[in-house]
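The analysis underlying the following values was restricted to heavy atoms, covering all of them including side chains, and did not include hydrogens, waters or symmetry mates. Below, read A as the first sequence line, B as the second, and so on, with proteins coming before strands; counting in each chain starts at 1.
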Protein chains: 2
Amino acid sequence: MSSTPIKKVGVIGAGVIGASWTALFLAKGLKVIVTDPAPGAEAKLRDYLQEYCAAVPNATVAPAACLENYKFVKDIDPYLESLDLIQENGPERVDFKRRLFAHLDAKTPSHVLIASSSSGLPSSQFITECTNNPGRILIGHPFNPPHLVPLVEVVPHPGTSKEYVTAAYEFYQSLDKDPVVVKQETPGFIANRLQAAICAEAYSLVSRGIVSAEDLDKTVTSGLGLRWALTGPIMTNTLGGGGDFSHFMDHLGPALQSWLDDMDQHRFDMGSQEKVEALKRTVNDWVSQVDLKVVAGDRDALLANLVRDKLDHARKST
Amino acid sequence: MSSTPIKKVGVIGAGVIGASWTALFLAKGLKVIVTDPAPGAEAKLRDYLQEYCAAVPNATVAPAACLENYKFVKDIDPYLESLDLIQENGPERVDFKRRLFAHLDAKTPSHVLIASSSSGLPSSQFITECTNNPGRILIGHPFNPPHLVPLVEVVPHPGTSKEYVTAAYEFYQSLDKDPVVVKQETPGFIANRLQAAICAEAYSLVSRGIVSAEDLDKTVTSGLGLRWALTGPIMTNTLGGGGDFSHFMDHLGPALQSWLDDMDQHRFDMGSQEKVEALKRTVNDWVSQVDLKVVAGDRDALLANLVRDKLDHARKST
């Protein structure tokens, strides 16, 4: 790992995730070389960037200037020597990534950090043919849309060097992202597991007719989610225990256990075609009445405000 | 149920929840009669109201005027005839609530809605001695702090009349709250079950050393929670499936199931004193370094901004 500051980033794959990363990198003053073999990828990227660059919270580069600072290339190989970091966003297929990483590892100077946006594949599965320096490869898993949501899960494989974990952490942090370190490769990493936990109970409650799909979501958007945007589950417990997590566990642990036991008895069976189809119908009855473009647009607008408000608040406090 | 608009509310119990309800009612233009037998309750309530009334998003009454519109009384019985609604916030003990509700039901005109803030006891457990009109009794469960968080879980017991469910829903909605209807009494209602689901996996991941307590919380506050403040689990799935929940289930269902299976294998054992104590130590190591007053203050300030921003945005869209 060299201590050169990161100025030029390679982005492999320019779908929604790759384009969103590119917008973030550009809005924070980096130069970007982007590649994607899909037909029409270059024009699509331009469209994405025009929308995304303007939305990045606390951007340091104006949207018009962002569009001057990247280059879309058909073949990234001639540029690999010049990059300070690579963010990969290719298809989630082990065989594909194995070949791609063997190639990138061979052709990129061995001190350069290579991060994969993979949400599902731990990197130990696709570094198997890397012979140069697999110790500089890790997962940097963003959340949709990455130019707005600060979270990045940094997941080393067992052979990733600590210095690269630190480098990835510091790099993402320098872009106003909020990285977390997942210390062991775990299926679903952290966020997708927590999300699966809540979804499983959501599916159960809606399927059982205890709450409508719309009200289930409202329970989160008007209650739990508002708090979780600001204090996580453990801090929320702590504040709920009058500032004492132990007090919370002693007093509310038994109730929590009793709810978990009841949830276990009424688990949604993801393996039942019939139950899954019935759930889809129930959800679609609601969703079909909603204008999803408006929902997504509102979410992105409010999300950008919220992230900006949190950043401003944190800066005032320090 | 009379169709008289609700102008005067009785609040039974003036701890944090009762005081927070009182602030909300006052800031939205209602008159409130409050009672609480605890020594010093009257002075404490005054302090709470001075803080809370000013923080209510989209208040229609100025903080100073709010303080003119309530009366703290030692005995609420002489006022029960004059009330349009009661919000009860007494201790979570079945025997206590059974006596209290028998009394309130006997003494309050039979058309008046009586809502309990109970977070844990379904009302069927404490209406057993009500002989006047138990059909007007239900749960209206708020979320801390109720003057800021819009969610209210409306939970009828099997004998609650539908008109009272509607009346409670419309009343809370008229205060800019977001009520949801829990159609059957279920342990933990909706929100506490969803919260238990996420906490169980959070405890497991932290206990296993896969992520620090601080990073676990950050995964939520900088990622999942930001989205959940704006789109619930089901809508988030739908948007993740390109606007199609069925597509999401077909393509991500198997991954979700594989994470749930792995989570099952690594469940946190809430019954193990040893594991619970170790978790407490891990959490306390982090929390003891944090100024909880600052955390709670920041949360409340940002929460009020967020709720206001969502309300403004919703009004502009309609």
Side-chain angles (χ1 to χ4, degrees), chain A residues 143 149-151 178 180 182-184 186-188 190-191 193-194 196-202 210-211 213 215 217-226 228-235 238-239 243 245-246 249 253 256-257 259-260 262-263 270 280 283 287 292 296 299 302 305-306 309 313, chain B residues 143 149-151 178 180 182-184 186-188 190-191 193-194 196-202 210-211 213 215 217-226 228-235 238-239 243 245-246 253 256-257 259-260 262-263 270 276 280 283 287 292 296 299 302 305-306 309 313:
Chain A
F143 286 78
V149 179
L151 178 63
D178 285 331
V180 299
V182 183
K183 296 177 198 168
Q184 294 166 39
T186 310
I190 306 299
R193 292 170 80 93
L194 297 178
I198 213 171
C199 284
E201 180 57 13
I210 289 174
V211 68
D215 274 4
D217 266 21
K218 213 202 276 180
T219 304
V220 176
T221 55
S222 294
L224 296 170
L226 296 176
W228 283 333
L230 306 168
T231 53
I234 289 174
M235 185 55 82
T238 303
L239 294 175
F245 182 77
S246 298
M249 285 300 267
L256 204 73
Q257 186 59 60
W259 301 327
L260 291 167
D262 190 73
M263 287 155 64
M270 302 263 298
K280 286 177 182 174
V283 169
V287 168
L292 293 177
R299 180 200 60 183
L302 288 164
N305 288 353
L306 175 54
D309 199 24
H313 203 86
Chain B
F143 285 79
V149 178
L151 178 63
D178 285 332
V180 299
V182 183
K183 295 177 197 167
Q184 295 166 39
T186 309
I190 305 299
R193 292 170 81 93
L194 297 177
I198 213 170
C199 285
E201 180 57 14
I210 288 174
V211 67
D215 274 4
D217 265 22
K218 214 202 276 181
T219 305
V220 176
T221 55
S222 294
L224 297 170
L226 296 176
W228 284 334
L230 306 168
T231 53
I234 290 175
M235 184 56 82
T238 303
L239 295 175
F245 182 77
S246 298
L256 203 72
Q257 185 61 59
W259 301 329
L260 290 169
D262 191 73
M263 286 156 64
M270 302 264 295
V276 171
K280 286 177 183 174
V283 170
V287 169
L292 293 177
R299 179 199 62 183
L302 289 164
N305 287 354
L306 175 53
D309 199 24
H313 203 85

Given the options [options], which has more heavy-atom pairs under 4.5 Å with chain A than any of the others?
options: B/Pro233, B/Gly223, B/Gly188; answer: B/Pro233
options: B/Gln257, B/Glu201, B/Arg193, B/Gln184; answer: B/Arg193
options: B/Val276, B/Asn305, B/Leu302, B/Thr231; answer: B/Leu302
options: B/Thr219, B/Leu292, B/Asp178; answer: B/Thr219
options: B/Val211, B/Thr221, B/Leu256; answer: B/Thr221

Select one option (side chain, backbone, both, neither) describing which atoms of [X] are under 4.5 Å from chain B's heavy atoms.
X: A/Val283; value: side chain
X: A/Thr238; value: side chain
X: A/Thr186; value: side chain
X: A/Val287; value: side chain

Between B/Val182 and A/Ile210, does a side chain to side chain contact (heavy atoms under 4.5 Å, CB included) hold up when you go through it step by step? CA-CA 6 Å; B/Val182 183; A/Ile210 289 174; 4.0 Å; yes
Hey, is the main chain of A/Pro187 close enough, under 3.5 Å, to the side chain of B/Asp262 for a donor-acceptor pair?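 No, the answer is negative, given that no donor and acceptor are paired below the 3.5 Å cut-off.
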Considering only heavy atoms from C-beta outward, does the side chain of [X] approach that of [Y] to under 4.5 Å?
X: A/Ile198; Y: B/Trp228; result: yes
X: B/Val149; Y: A/Ser222; result: no
X: B/Cys199; Y: A/Leu260; result: no

Rounded to the nearest 0.5 Å, what's the gap from [atom1] on [X] to [atom2] on [Y]? Could you check?
X: A/Leu224; Y: B/Leu151; atom1: CG; atom2: CG; value: 7.0 Å
X: A/Leu226; Y: B/Leu230; atom1: CG; atom2: CG; value: 8.0 Å
X: A/Asp217; Y: B/Met235; atom1: CG; atom2: CE; value: 6.5 Å

Evaluate side chain to side chain contact (heavy atoms under 4.5 Å, CB included) for B/Leu306 paired with A/Asp309, printing each intermediate quantity in order. CA-CA 9 Å; B/Leu306 175 53; A/Asp309 199 24; over 6 Å; no
Hey, which of A/Gly253, A/Ser246, A/Pro150, A/Ala296 has the most heavy atom pairs under 4.5 Å with chain B?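 Between A/Gly253, A/Ser246, A/Pro150, A/Ala296, the count favours A/Ser246.
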Audit row: A/Leu239, B/Arg299, side chain to side chain contact (heavy atoms under 4.5 Å, CB included) steps and yes/no: CA-CA 11 Å; A/Leu239 294 175; B/Arg299 179 199 62 183; 3.8 Å; yes
